[in-house]
4 protein chains.
Amino acid sequence: MDEATTQKKDIILNAAIKVFAEKGYYSSRTLDISNEAGVAYGSLYHYFRSKDDILMSIFQERWNLLIAKVRQVREQGSGPEEQLGMVIDFIFRSYRQNPDLLKVMIMDVPRLDKFYNPENWKLYNLFFRGLMEIFHEGQEQGVFAADVSPILATIIMHGAVDATIRQYVYNPEFNKEEFPVEEARGQIMMVLRRGFSKKVEGEKS
Amino acid sequence: MDEATTQKKDIILNAAIKVFAEKGYYSSRTLDISNEAGVAYGSLYHYFRSKDDILMSIFQERWNLLIAKVRQVREQGSGPEEQLGMVIDFIFRSYRQNPDLLKVMIMDVPRLDKFYNPENWKLYNLFFRGLMEIFHEGQEQGVFAADVSPILATIIMHGAVDATIRQYVYNPEFNKEEFPVEEARGQIMMVLRRGFSKKVEGEKS
Amino acid sequence: MDEATTQKKDIILNAAIKVFAEKGYYSSRTLDISNEAGVAYGSLYHYFRSKDDILMSIFQERWNLLIAKVRQVREQGSGPEEQLGMVIDFIFRSYRQNPDLLKVMIMDVPRLDKFYNPENWKLYNLFFRGLMEIFHEGQEQGVFAADVSPILATIIMHGAVDATIRQYVYNPEFNKEEFPVEEARGQIMMVLRRGFSKKVEGEKS
Amino acid sequence: MDEATTQKKDIILNAAIKVFAEKGYYSSRTLDISNEAGVAYGSLYHYFRSKDDILMSIFQERWNLLIAKVRQVREQGSGPEEQLGMVIDFIFRSYRQNPDLLKVMIMDVPRLDKFYNPENWKLYNLFFRGLMEIFHEGQEQGVFAADVSPILATIIMHGAVDATIRQYVYNPEFNKEEFPVEEARGQIMMVLRRGFSKKVEGEKS
DNA sequence: AATGAATGAGGTTTCATTCAT
DNA sequence: GATGAATGAAACCTCATTCAT
């Protein structure tokens, strides 16, 4: 794949992200995408097999970035708490840089039938596995509570971040001024840090 | 609306829930719904204005139940921790009773354009407001940390539960045997209780 | 057919006239008619075989009135000019009394496939035959020009009246104040009287 | 709009005219039109927005021709009588060349809800205005009677022609052999000439 | 590679009519 | 006679995808 091709694919992908974010995958027409991208709509099919394929490409490209980030964070070697914080930071920064992309990732990707194939699940779970490993290390180092399952911890973390971004993206009654992204990010970190930390003195078991 | 009408609407709604859960809203045809419900094609349109209207009715009926639950929990008057626990329990029990319903609520409802109207947001936020009030009371009673925003706390809680159920619903690699629903519910409760509790001794701010 | 039945049929027919006039036959639903008539929509089918049948009944009832009028005018025995004038008067008066009815007669009846059956044509042409006979008598008495075909004369007369009423009914730019119905009627009469009268002195043949 | 597009639109339009003339607008299916045109189903919607749009295009194209004809006749500058004769001739000739077209114009166009919009009325009345001006000139030149309103004169003329063509098109009992089109046209001209001419000697006012 | 006209399967919705109550 | 829930055929239109240029 030469560079020109890669560039054109990116133009189309970015146009698709914008269009999907605005109307939703199923309400978006390929014509909308080609218009937004400024290419003839037949051209989409030079670069992608189908409309589905475009959405899957968005997922894969983005998700690989996320996985790379997790890997980079892990190799860089600070403490488990800091590592989780860096991943969460990365996600929130991604949202600020390109809210449309996260909107698509959260809302459209998981609702596409074709998304649910083994290959994607493998990719999907790769990210969680990275987080789980960080958490597990934290447990071994005594930073995180031993009675919390790494799987659940990961899901909770991801769910908290995901739900927060959803509020930003969709809820018109959500007061974005009162809650700047940084504030939200800080609170989530705080709650999770506490939630994941070792048994609190005097806790009812 | 007489009883017979209510019954018929429920039959259709339940059929729709099953069909939507299986194929997703956009991939479900109205014919599938009428077949599943065992009624004639056109009958759907006696009871609902459109396919959209069916999905919106599912949301509204279900969400009103959730709001009613929150209200009931609040009136019944145990401590804030117990109250939040009861709501979470209710959601997990709902999932066990009717996983399809939750699947539709989580995956299909939020992706429908028409969902995003003021009336629905009002309903939607009514639930969060109830949770927020519980949390706020907990703060006043010194049970929950004062430096956590009730809004964020609510979102985190909801996100955690939602994400967990998503795993049950979709992730084929998620080991449901290892994690029975009760286990997941217990762990979430534990993490949140810790995460929401007062500042831990010696916490880095 | 007892009296109660006849009355109910008339109620339905009048409702249908109103609805058809407003929305056109094909855009009118049987439900609209039953609502307008204040009866259950199943009831329409007690009194009429079908929606088509309702429109045909409107035509037949009305057209028989027209034919009766022509017969009455002929029996009453004034001169041919006066007789034609009376028929035209009758039509204009009908329009003033019930514009909706004429609207339906002119616009909806002739566009229904089922209208074109031998029985209706017979009825339809009965009216024209009456007019033709009047005209023919006028020719024999030397009142109307002998070189005008009674058939054409009749068609022209009918077309002129019909087109004028159409303007009243539909054309929003047609100035109804400037042209009260009586004025229009008078002018048509004048033009036709002249047009049908014997060859003008010095006419180019 | 390039030439190929124009050609394809014309093919579809002509097919639609044929189908509409045969079955009436509402009884014609879009599939019938595409079959008749020999194009794919969906192609209709490349060239026209909707079925309605096809009918409106037929009206507009045809009516612009009529208006152009009136303009041409006026510029060409013969006497008012001749000018009106030429317009009537044009209409009758149109009927002979393409009876289906006139059928659609007379029967289907005026019964479509969407026909009644300001834009169409403007177009519609442009034709009448042209005729009225001819008539008015005739009055000033002393050829036509001063006591006849140009508006009514125009309507009568149009109604007479329209009603005659209707007979040809629809009435199975109308004897077309006895009345060839030329004969009808001649008689109408004669009646109108007389009807529009100056007060006849000895006329009752 | 790029274009966009052409395709046609498939979906939602309408609505006249039936018929059990 | 009166009702209106139930029926399901049929219609319009959309839109992803193909393919000749």
Side-chain angles (χ1 to χ4, degrees), chain A residues 2 4-5 8 12 25-35 37-54, chain B residues 2 4-5 7-9 12 25-35 37-54, chain C residues 2 4-5 8 12 25-35 37-54, chain D residues 2 4-5 7-9 12 25-35 37-54:
Chain A
D2 65 21
T5 299
K8 200 75 167 272
I12 292 171
Y25 177 74
Y26 280 101
S27 303
S28 302
R29 281 158 298 144
T30 50
L31 183 63
D32 297 330
I33 300 171
S34 61
N35 279 346
V39 302
Y41 65 95
S43 291
L44 300 189
Y45 292 87
H46 276 289
Y47 296 99
F48 300 95
R49 268 188 308 282
S50 66
K51 191 185 168 192
D52 286 356
D53 188 35
I54 292 176
Chain B
D2 65 19
T5 299
Q7 263 181 8
K8 201 70 167 276
K9 285 187 92 162
I12 292 171
Y25 177 74
Y26 281 101
S27 303
S28 301
R29 286 163 300 141
T30 49
L31 183 62
D32 297 330
I33 300 172
S34 62
N35 281 346
V39 302
Y41 206 66
S43 290
L44 299 191
Y45 293 88
H46 267 288
Y47 294 98
F48 300 95
R49 265 187 309 282
S50 66
K51 193 185 168 192
D52 285 358
D53 188 35
I54 293 176
Chain C
D2 64 21
T5 299
K8 201 72 166 274
I12 293 170
Y25 177 75
Y26 280 101
S27 302
S28 301
R29 281 159 300 145
T30 51
L31 183 63
D32 297 330
I33 299 172
S34 60
N35 279 346
V39 302
Y41 65 94
S43 292
L44 300 190
Y45 292 87
H46 277 288
Y47 297 99
F48 299 95
R49 266 188 311 280
S50 68
K51 192 185 167 193
D52 286 357
D53 189 34
I54 293 176
Chain D
D2 65 18
T5 300
Q7 262 180 8
K8 201 71 169 274
K9 284 188 94 163
I12 293 171
Y25 177 75
Y26 280 102
S27 303
S28 301
R29 283 163 304 139
T30 49
L31 183 61
D32 297 331
I33 300 172
S34 62
N35 281 345
V39 302
Y41 200 63
S43 290
L44 299 191
Y45 293 89
H46 267 289
Y47 293 98
F48 300 94
R49 266 189 308 283
S50 66
K51 193 185 168 193
D52 285 356
D53 189 34
I54 293 177

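Nothing here was measured: the structure is a model prediction, and the numbers come from that model.
- Ranked by how close their nearest DNA chain F nucleotide is to the 5' end, D:Asp52 and C:Ser43 are led by C:Ser43.
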query = Please walk me through it: do C:Thr5 and C:Tyr47 pass side-chain hydrogen bond (donor to acceptor under 3.5 Å, both in side chains)?
reply = CA-CA 8 Å; C:Thr5 299; C:Tyr47 297 99; 5.3 Å; no

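- Both B:Leu44 and D:His46 sit near DNA chain F, but only B:Leu44 has its closest nucleotide nearer the 5' end.
- A:Tyr25 places none of its side-chain heavy atoms less than 4.5 Å from the side chain of A:Ile54.
- At a threshold of 4.0 angstrom between heavy atoms, the contacts of B:Ser28 are confined to the sugar-phosphate backbone, with no base atom among them.
- Comparing E:dT3, E:dG11, F:dG8 against the side chain of B:Ala40 picks out F:dG8 as the nearest.
- For D:Tyr41, the listed nucleotide lying nearest its side chain is E:dA9; candidates were F:dT18, E:dA9, E:dT12.
- Residue C:Lys51 places its side chain closer to E:dT17 than to any other of F:dC13, E:dT17, F:dG1.
- No contact: D:Ser34 has no heavy atom under 4.0 Å from any strand.
- One atom, CD1 of C:Ile33, and another, P of E:dA16, lie 8 Å apart when rounded to the nearest Å.
- Straight-line distance from the CZ atom of D:Arg29 to the P atom of F:dC13: 14 Å, rounded to whole Å.
- Nucleotide E:dT17 holds its P atom 14 Å from the CD1 atom of C:Ile12, rounded to whole Å.
- One can place CG of D:Asp53 at 13 Å from C1' of F:dC13, the figure rounded to the nearest angstrom.
- Here C:Tyr47 lies in heavy-atom contact (under 4.0 Å) with sugar-phosphate atoms only.
- E:dG11: Watson-Crick or G-U partner is F:dC12, with both key distances under 3.5 Å.
- You'll find that the side chain of D:Tyr45 is closest to F:dC12, out of E:dT14, F:dC12, E:dT18.
- When rounded to the nearest whole Å, the span between CD1 of B:Ile54 and P of E:dG11 equals 15 Å.
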